[in-house]
Amino acid sequence: MKKRIAIIVACMSVLIALYWLNPTEQPLMPKCPFKLLTGLSCPGCGFQRAAHAVLHGHFAEALAYNYWFTFALPYLLAVIVEKWILRGTWQKRAEAIVEHRYLIYTYLITFFVWLVVRNIIGI
């Protein structure tokens with residue numbers, strides 16, 4: 001139970017920080033290590049800016065920052081609901097869908113395809 005509370009507090013702290021601190025204006029916000037090392041954009045580049053935009057209700061802006069983030073956000077929310085909210089039979093049913101290997105493979109494939117595509121196109 002303590003671990004769950006710690007995770008919730010950490011996640012809420014990150015969300016509050018992303019709400020109040022605009023990553024485009026704050027030099028202390030973490031930078032992408034993949035981009036720093038290679039000069040290429042990883043599939044997650046723009047995640048902080050996209051999350052900041054979503055928290056402020058600017059969904060079109062979030063899409064412009066990172067297309068894959070807006071594709072993966074519903075899946076992330078489904079995983080959170082399945083792991084943290086649902087219990088019993090409902091959790092088992094959701095787990096069968098959310099953790100199905102084909103769905104996971106789909107997200108992994110789109111992650112790596114997005115890595116290639118965004119660097120070819122220059123997004």
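Under a 3.5 Å cut-off, the side chain of N66 and the backbone N or O of P43 do form a donor-acceptor pair. A donor-acceptor distance shorter than 3.5 angstrom exists from the side chain of N119 to the backbone of S41, with no hydrogens or angles considered. Not one N or O on the side chain of Q26 forms a donor-acceptor pair closer than 3.5 Å with the backbone of L21. Under the 3.5 Å distance criterion, the side-chain polar atoms of H56 are left unmatched by any main-chain donor or acceptor of H58. Side-chain atoms of R118 do not come within 3.5 Å of backbone N or O of Y67 as any donor-acceptor pair.
Rounding to the nearest 0.5 Å places SG of C42 at 10.5 Å from CG of L36. Going from atom NE2 of H52 over to atom CD of E61 covers 7.5 Å, rounded to the nearest 0.5 Å.
Tracing side-chain contacts under 4.5 Å through hydrophobic residues (I, L, V, M, F, W, Y), one reaches F111 starting from V98; they form part of the same cluster. I5 and M12 fall into different hydrophobic clusters, where Ile, Leu, Val, Met, Phe, Trp and Tyr side chains are chained together by heavy-atom contacts under 4.5 Å. Under the 4.5 Å side-chain heavy-atom criterion for ILVMFWY residues, no single connected hydrophobic cluster contains both F112 and L76. Residues F59 and L73 are members of one and the same hydrophobic cluster, defined by side-chain heavy-atom contacts under 4.5 angstrom among Ile, Leu, Val, Met, Phe, Trp and Tyr. I85 and V79 are not part of a single hydrophobic cluster, where members link through side-chain heavy atoms under 4.5 Å apart.
Nearest heavy atom pair, residue A62 against residue A53, reads N-CB, 3.7 Å. Closest non-hydrogen pair, L103 versus I97, comes out as CD2-O, 3.4 Å. Between T110 and F71, the shortest heavy-atom distance links the atoms OG1-CE2, 3.5 Å.
The local environment of NZ in K92 is sparse, with at most 12 non-hydrogen atoms from other residues, nucleotides or ligands closer than 6.0 Å.
When side chains are defined from C-beta on, Y75 counts as touching I104, because their heavy atoms get closer than 4.5 Å. With contacts defined as side-chain heavy-atom distances shorter than 4.5 Å, the pair W68/L115 does not qualify. Counting heavy atoms from C-beta on, the side chains of I7 and W84 come closer than 4.5 Å. Residues Q48 and L18 have side chains in contact (heavy-atom distance under 4.5 Å, counting atoms from C-beta outward).
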field: Check against ring pair (Phe, Tyr, Trp, His ring centres under 6.0 Å), Y65 and F47
entry: CA-CA 7 Å; Y65 283 131; F47 169 79; over 10 Å; no

- request: Using the salt bridge (charged side-chain N to carboxylate O under 4.0 Å, His left out) rule, take E99 and K83 through it: C-alpha gap first, then chi angles, then the decisive distance, then the call.
  value: CA-CA 11 Å; E99 296 182 25; K83 293 287 185 192; 2.7 Å; yes

